[in-house]
Amino acid sequence: MKEYKAIEEVLSPSASHMVGDGFKVVNFSPGGESFGDRMSPFFLMDFNPEFNFTPTKEPRGVGVHPHRGFETVTVAYKGSVAHNDSTGNSGVINPGDVQWMTAASGILHKEYHEKEFAKKGGAFEMAQIWVNLPKKYKMSTPKYQAILNDQKGDYKIGNGNGNVLVIAGEYNGVKGPAKTFSPVEMYDIHLNENGEAEFNLPADFNTGLLVVEGEATINENTIAHAHQYVQFKNEEGAIKIKANKKSVFLLLSGEPINEPVAAYGPFVMNTVEEIQEAIDDFKGGKFGQLAN
Ligand code: MN
C-alpha cells in the first residue's frame, strides 16, 4: 500500500479583486489563515485565472510601487506582461516565462500588460507568488532572474503524458534555474488526460498545489477542480497527481522560515520598526528612481 501525504484541505478561490487595473486575482486562505501564515516561505499567492481583457490603447497594470524584504515570482500562462524596475532591469514575460525578482533591500517597479497584447486584448492568466526572505538576506542587493520557458528544467513523463517543468529546486534529478535564498521547490506541471506524476517532498516543507487549468485526482481519492488549491499536511508521504483531463498545475513546496513576520502592504520584514523604516526609506527616495 502506497503511503500518501494527507490532504489537509481543498480550497476554492476567494472572490476576485483587481490589482491595479490589469490583474484580476483570487487568493486562498488555508485553515482560514492568510496564505503566508500557513505556507512560509511563500507569503502570498495572487492567481489570475484565465480572463479575457478587452483591447485598450493604454496598457492596464500596476504603476510604480515599492517592495522590500522578499521576492516576487511571476509565472505567465497566457498573455504578456512588461516589467521595469529601479535597478534598470526590464523585460517582457510571455506565456511560459517566469520572472523571479528579488526585491530584498528595496526596489521600485511597475507591471503592465505588454503593449501589443494590450492593443489586441485576449486571454490572460498569471500567478504571482511572494517568497519571503530569511532575515539575513532581507537587506541584500536586489536582483532579477528572467527564466524563459525553455530554460526551466524539463522532466518528461513517460509515454508523452506530460512534463514537470522545474522552476526552482529539483525533480527526479532535473534542476530548476532559479537561485533561491532558502530551500524552495516550484514546479510548472503539464499533464495530458490520464497523465500521472508523483512527488516526494520533505515532511517539514510546506506544500500546496494550485490547479491552474483542468482537473485532477490527488492521491487516488480526492478530486481537485480548476482554480482550486490543495493544501497538504506536513508529514511523510508521496503526492500523486492524475489528470482527469489535460491540466496545468503549480506546485509550491518550501522549508518554512521560522522567524517573526511583520508585513505592511508591499513590505515584508521581521519587526514593526523595520516596517516603519521601509516606509520612511521609500518616502525618502531611498528605493531609487523609476518614471511612471
Ligand atoms: Mn509588485
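Atoms within each ligand, like the ligands themselves, are counted from 1 in listed order.
Tyr229 pairs by the ring-ring contact (aromatic ring centres under 6.0 Å, His included) definition with Phe28, Phe35, not counting sequence neighbours.
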Below 3.5 Å, can you tabulate the donor-acceptor pairs from side chains in residues 173-182 to any protein atom, sequence neighbours excluded?
from	atom 1	to	atom 2	distance (Å)
Thr180	OG1	Ser182	O	2.8

Might you work through the side-chain hydrogen bond (donor to acceptor under 3.5 Å, both in side chains) test for Asn132 and Lys138, ending with a clear yes or no?
CA-CA 9 Å; Asn132 202 359; Lys138 279 191 181 290; 2.6 Å; yes
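For the Mn ion (ligand 1), the count of nearby protein N, O or S atoms, meaning those under 2.8 Å away, is 4.
Between the side chains of Asp204 and Asn234, no donor-acceptor pair is found at a separation under 3.5 Å.
Val272 belongs to no multi-residue hydrophobic cluster, having no ILVMFWY side-chain contact under 4.5 Å with any other such residue.
Across all their heavy atoms, Ile223 and Val10 have their closest contact at O-CG1, 4.5 Å.
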